[in-house]
Asks: 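Have a look at this one.
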Protein chains: 2
Amino acid sequence: MHLACLDVEGVLVPEIWQNVALRTGVEELQLTTRDVPDYHELMQRRLGILDEHGITLADIQAAIATMEPLPGAAAFIDRLRQTMPFILLSDTFEEFAAPLMKQLGYPTLFCNSLGVAPDGRITTYRLRQENGKFHAVTALHSIGYTVYAAGDSYNDLAMIREADRGAFFTPPPSIVKENPDLPVCSDYAELYAFLTA
Amino acid sequence: MHLACLDVEGVLVPEIWQNVALRTGVEELQLTTRDVPDYHELMQRRLGILDEHGITLADIQAAIATMEPLPGAAAFIDRLRQTMPFILLSDTFEEFAAPLMKQLGYPTLFCNSLGVAPDGRITTYRLRQENGKFHAVTALHSIGYTVYAAGDSYNDLAMIREADRGAFFTPPPSIVKENPDLPVCSDYAELYAFLTA
């Protein structure tokens with residue numbers, strides 16, 4: 001039996017932190033792992049920036065609520081859910097993802113979560129586990145599923161390689177050059193064909 | 001982070017084989033594990049009965065398509081999907097479940113599958129693994145989830161006991177008597193309260 005694992009940001013919805021930066025006007029939130037390679041250091045920086053600007057979870061959720069899934073993503077998900085089971089695997093936080101998942105019809109999402117103070121400040125973040133996308137594929141293998149996976153970036157590589165068949169979806173050229181053996185899907189029609197072949 | 005695992009037949013939809021028996025008029029399909037305790041023997045009997053009566057997968061799907069989720073189940077699922085991730089765990093087959101999952105908005109379902117001949121006859125069944133509900137909870141634990149589970153019958157016991165918190169949903173009196181330590185939810189309001197407490 002087959003099951004698909006899909007990355008979320010860059011595959012189904014735009015990059016969340018970049019949109020939060022744009023919509024809150026706090027440019028420093030544009031920081032990514034390209035600027036601060038260590039994820040935990042990056043997250044501490046982000047939480048510090050939010051604090052400095054007095055930005056609460058509710059402010060961020062309001063910004064995210066004005067976002068939309070990528071064009072065609074909702075139709076793709078509607079088609080896929082009629083064909084095969086799938087799980088969305090993301091490094092984002094469930095509190096951020098909720099407004100976007102609503103627009104996708106609440107698919108099942110495995111991700112991380114935030115710690116929030118009574119006044120709405122984000123105080124901590126909780127990774128469900130390190131290398132969560134990889135381990136999710138392993139766990140699905142352990143219960144008898146053949147797993148197909150797709151994602152767009154470096155944090156998807158372990159998932160894509162652990163899957164029985166994996167592909168990139170609209171990736172940056174650099175990652176394609178470094179992984180010439182992996183197939184590339186350029187749009188949702190190609191991704192659907194890849195997952196259901 | 002929390003995730004719910006829910007049984008399907010008896011919790012969200014009526015018993016499928018019993019309805020197939022009713023709707024195809026083939027009474028022998030009423031057989032359950034109460035009549036034939038060994039599951040594999042029971043399934044061989046069922047496949048034999050289907051063959052004798054020339055009943056194809058399409059016939060069964062047409063029968064199942066006239067079924068509806070239990071009263072209140074769709075509203076319960078709509079409410080739950082806005083609150084927490086959940087996975088449906090069932091011993092049924094994805095080919096049988098599809099028409100009912102459509103009516104529930106295509107929640108993620110981990111179940112089994114059928115082997116079907118070109119002429120539509122069901123030739124085999126494939127269990128994803130033995131004791132699949134139990135192992136699904138174990139796999140979700142392995143990726144950092146706290147698991148709440150609910151089901152109505154004996155094939156749910158291992159799942160309910162392996163979960164961090166488990167309950168019965170509208171179970172038969174016998175199983176409650178034999179498991180007096182497990183909580184019982186009598187309707188969807190109680191089940192929702194149990195899962196989100």
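Lettering follows sequence order; numbering is per chain, from 1.
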Asks: Rounded to the nearest 0.5 Å, what's the gap from CG on A:Leu80 to OH on B:Tyr106? Could you check?
Replies: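 Spacing of CG (A:Leu80) from OH (B:Tyr106) equals 11.5 Å.
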Asks: Are B:Leu22 and B:Ile60 connected in a single hydrophobic cluster, I mean Ile/Leu/Val/Met/Phe/Trp/Tyr linked by side-chain heavy atoms less than 4.5 Å apart?
Replies: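 Per the 4.5 Å side-chain linkage, B:Ile60 and B:Leu22 are not co-clustered.
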Asks: Is there a continuous path of hydrophobic side-chain contacts, each under 4.5 Å between heavy atoms, that joins B:Leu195 to B:Leu182?
Replies: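 Different hydrophobic clusters.
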Asks: Assess whether atom CZ of B:Arg165 is packed by more than 12 heavy atoms of other residues, nucleotides or ligands within 6.0 Å.
Replies: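 Atom CZ in B:Arg165 is crowded, with more than 12 foreign heavy atoms closer than 6.0 Å.
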Asks: Answer yes if A:Met101 and A:Phe86 sit in the same cluster of Ile, Leu, Val, Met, Phe, Trp and Tyr residues linked by side chain heavy atoms under 4.5 Å apart, and no otherwise.
Replies: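 Yes, it is one cluster - the side chains of A:Met101 and A:Phe86 are joined through contacts under 4.5 Å.
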Asks: Considering only heavy atoms, which portion of B:Leu127 lies under 4.5 Å from any heavy atom of chain A: side chain, backbone, both, or neither?
Replies: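 Neither part, no heavy atoms under 4.5 Å.
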Asks: Any heavy-atom pair between the side chains of A:Leu140 and B:Phe110 that's under 4.5 Å?
Replies: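 SC-SC contact between B:Phe110 and A:Leu140 confirmed.
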Asks: Taking B:Arg128 for its side chain and A:Ile143 for its backbone only, find out whether a donor-acceptor pair lies under 3.5 Å.
Replies: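 Side chain of B:Arg128 to backbone of A:Ile143, a donor-acceptor pair under 3.5 Å: yes, one is there.
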Asks: Under 4.5 Å, counting heavy-atom pairs only, tell me which of A:Gly132, A:Pro107, A:Ala136, A:Cys111 racks up the most with chain B.
Replies: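 Heavy-atom pairs under 4.5 Å are most numerous for A:Cys111.
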Asks: With a 4.5 angstrom heavy-atom cut-off, is it the side chain or the backbone of A:Ile87 that approaches chain B, or both, or neither?
Replies: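 Contact with chain B is through the side chain of A:Ile87 alone.
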Asks: Is the number of heavy atoms from other residues, nucleotides or ligands under 6.0 Å of B:Gln30 CD greater than 12?
Replies: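 Enclosed: over 12 neighbouring heavy atoms sit under 6.0 Å from CD of B:Gln30.
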Asks: Report which part of A:Glu94 has an atom under 4.5 Å of a heavy atom belonging to chain B: side chain, backbone, both, or neither.
Replies: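 Only the side chain of A:Glu94 comes within 4.5 Å of chain B.
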Asks: Quick check on A:Glu27: does its CD atom have over 12 non-hydrogen neighbours (other residues, nucleotides or ligands) under 6.0 Å away?
Replies: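 Count not over threshold, so no.
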Asks: Is the backbone of B:Ser142 close enough, under 3.5 Å, to the side chain of A:Gln129 for a donor and an acceptor to pair up by distance?
Replies: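 Such a contact is found between A:Gln129 side chain and B:Ser142 backbone.
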Asks: Let me confirm one number: the CZ-CG distance from B:Arg81 to A:Leu109, rounded to the nearest 0.5 Å.
Replies: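 Rounded to the nearest 0.5 Å, the CZ-CG separation comes to 14.0 Å.
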Asks: Using a cut-off of 6.0 Å, state whether more than 12 heavy atoms not belonging to B:Gln82 lie near its atom CD.
Replies: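 Enclosed: over 12 neighbouring heavy atoms sit under 6.0 Å from CD of B:Gln82.
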